[in-house]
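See structure below.
Quick note: residue numbers are just sequence positions, from 1.
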Amino acid sequence: MKIVIVGGVAGGATAAARIRRLDENAQIIVFERSGFVSYANCGLPYYIGGVITDPEELTLQTPESFRRRFHIDMRVRHEVTAIHPDKKTVSVRNLITGDEFEESYDKLLLSPGAKPVKPPISGKTPDRLFTLRTVEDTLAIRSFIEKEKPKTAILAGGGFIGLELAENLCELGVSVTIIQRPDHLLTPLDGDMASFIHSKMREHGVNLKFGASVEGFEQEKNGIKVLLKEEAPLQADMAILAIGVAPDTRLAEEAGLRLGMKKTIEVNERMETSAPDIYAVGDAVQVKHYITKNNAVISLAGPANKQGRIAADNMCGKESVYRGSQGSSVIKIFDLTAASTGINETAAKQSGIRYDKVYLSPANHAGYYPGGKTMSMKVLFEKDTYRLLGAQIVGYEGVDKRIDVLAAAMRAELSAPELAELDLAYAPPYSSAKDPVNMAGFIIENLADGRLKQFYPEEVDTLPRDGSITILDVRTEEEYTQGHVEGSCHIPVDELRERISEIDLTKPLYVICQSGLRSYLACCILNQHGADCYNLSGGYRFYQTVIKEQAASETALPCGFEQKK
C-alpha cells in the first residue's frame, strides 16, 4: 500500500508514524512545503523571547530522523499543487529546484493546516509586518528583533499566539499594544473571566485596544503604520498579525471534495472525506463539538494528533472513530494560567442550551500550607439535567490540574453534582481535602437540592435601590471599608445571629461576601429564619475585578505609540 500525506506537523506527522507502527511494508511519502516537517507551533513565541534558546529544540523530528526510525520518505520544501481523485495522483512542485511531477497513491491524507488571516494589503507587504505560524516565521521575527532592536510592537489579535507573543516581547523590553475587534482577549473565555487576563496584561505594561478593526498596513521609513477602521492609524516599529487562522483548503476545494463550515473539509467520524481513499485531519477539517454536537472548527494540537492517529488506523484497516472535540486549552500569561474546556456562555446561548453557572474562588492548596494562591473558576451546566457544559479557570499553580479533571468528567458524562463525589489526590502542598473541583460540585449540589439560590456579578448594578430588597454585606469591617456595593448594609457574618433583628426578613435578601462562602453561610442562617436569600456567586472579589476591568477598557488608550492624525 502506498500512502501519500500532504502536510506534516501535528496531524500528518502523527499519522505517518502511526501507519508505520501498524504496517511495516507500507510505502509512506510526506510532502511538506515548509522546511520543517514536525515542530511545536505552541513553542514558537518562546524562542522569540529567548525562553527556548536553541532553534533545534523547536523541531520534534527532522526528515532524517523520520527516515532512520520509521523508514518514511519525508520531502520538505515540496508543495502539492493539485489533487486528482479520478487518477489517484497529486501534482507536486519541488520548491528548491522548481521541478514538477505527479505522484500516485493508494490512499491520501490531507493535513494542510491553516493559514493566518490577513486584511487586504495593497502593493508590497511591508517588511516590518510579520505572521507567526511556522518555524520560518519565528526565525524571521527573531532575526528582525536582534538586528533592529524595536521599541514598540502592535499585535493584531488577542488569541493564544498573540498573548504568548506579547508576553515574550515584553520580556525583551518591547512596548506592546494588542488590537482586536472583540471586547475581550481569548475568545474561549467569557468576558468576565477574561477580565483577570486583561488586568495581568495591563500590569505588565501591555496596552489593550478593543473594538478596533485592522484594515491595512503602510510601510514607513523606520516603522509601520497600522490602519484602523473609522479611527486614526497607529504607528510602531513592527507589527504582527495574529488575527486568527483560516483553514487552508484550496487543494480540497479545487479537487471537488465536499466542504463544510468556513470552507473546512467535511469528514466523517473515520476522518474520511467525500472522495474515496482520501482522508483529512487537523486545522483544516470540520468536526463535531463533543458538547453541543454541532459542527465546529477547533484548531488545537491535541485534536489534530488524535485525528491523525484515527485516520491512520482506518487507512490500515483498523476500525477507529473520532467522537468530537471539546476544545480543552491552557495558556501561560506571565505568572498567570488560564484554561478552559467545553463551551462558554456565548456558545451555550448560540446553541439554544438552557444553562446555569457557578463561580468560586478556592485556593490552589491547603490554606495552612505557605504560598497558597486563589484561582477563579466558572463552571457551566445544563439546567434540569445538570449535564456539564464547560469550565473556565484563571489562577496560578494547579489550574491545569483542575481543568483536566473537569475535562475528563465531561468526557465521562458525569453530572455536575457528581463532581462532589470525585476521589482526588490530597496533600497540603497540592490541594485541600475538599478540592476546588469538589467544591464546584458541592455548590451545584446545593443548587439542585434547593438549598442555595444565586445572583450573578452582572446583576449587581441592576438590583433595585428603592427599598424593595436588602443588599447585605457580611464581610469584616476592614473589607467593607475598602470597597463595597452601593446601597448595601453591613453586618459581619460572625455577628449575624445576634443582630438578625436589624434585618427585615420579609424582603428578598441579596447577600455578599468576598468569595461567596461566608455569604452562603449567612444565607443558611437567614433561610432558617424564613428569609428569601440570594448569594452572590463568585463574591465581591470577582465582581470588583470585572467592574474595574470594564472601566479600564472603556477609558484606556494605547500609550507608548504615536497616534497619527
Under 3.5 Å donor-acceptor, E171 side chain and G49 backbone: no
Side-chain heavy-atom pair I145, P150 within 4.5 angstrom cut-off: yes
Spacing of N295 atom CG and T264 atom OG1 [to the nearest 0.5 Å]: 7.5 Å
Pair Y396 + H365: ring centers closer than 6.0 Å: no
Y322 backbone acceptor or donor facing R270 side chain under 3.5 Å: no
CZ/R323: more than 12 non-hydrogen atoms of other groups inside 6.0 Å: no
Side-chain donor-acceptor pair present, Q392, N344, cut-off under 3.5 Å: no
Within-4.5 Å side-chain heavy-atom neighbours: M74 and I28: no
Short N-O contact, E253 and R250, less than 4.0 angstrom: no
Side-chain heavy atoms of V90 within contact of Y105, under 4.5 Å: yes
Salt-bridge criterion met for D313 and R18 (N-O under 4.0 Å): yes
Carboxylate-amine/guanidinium proximity below 4.0 Å for K225 and E220: yes
Presence of salt bridge, E549 and R202, under 4.0 angstrom: yes
Other residues, nucleotides, ligands: >12 heavy atoms within 6.0 Å of F144 CZ: yes
Ion pair R33/D248, N-O distance below 4.0 Å: yes
Salt bridge E231-K209, side-chain N to carboxylate O under 4.0 Å: yes
N/O donor-acceptor pair under 3.5 Å between N268 side chain and E272 backbone: yes
Atom CZ of R67 with >12 non-hydrogen neighbours under 6.0 angstrom: yes
Between R541 and S361: side-chain donor-acceptor atoms closer than 3.5 Å: yes
Aromatic plane relationship, Y359 with F542 - under 30° parallel, 30 to 60° tilted, over 60° perpendicular: tilted
Salt-bridge present (K378, E345; N to O < 4.0 Å): yes
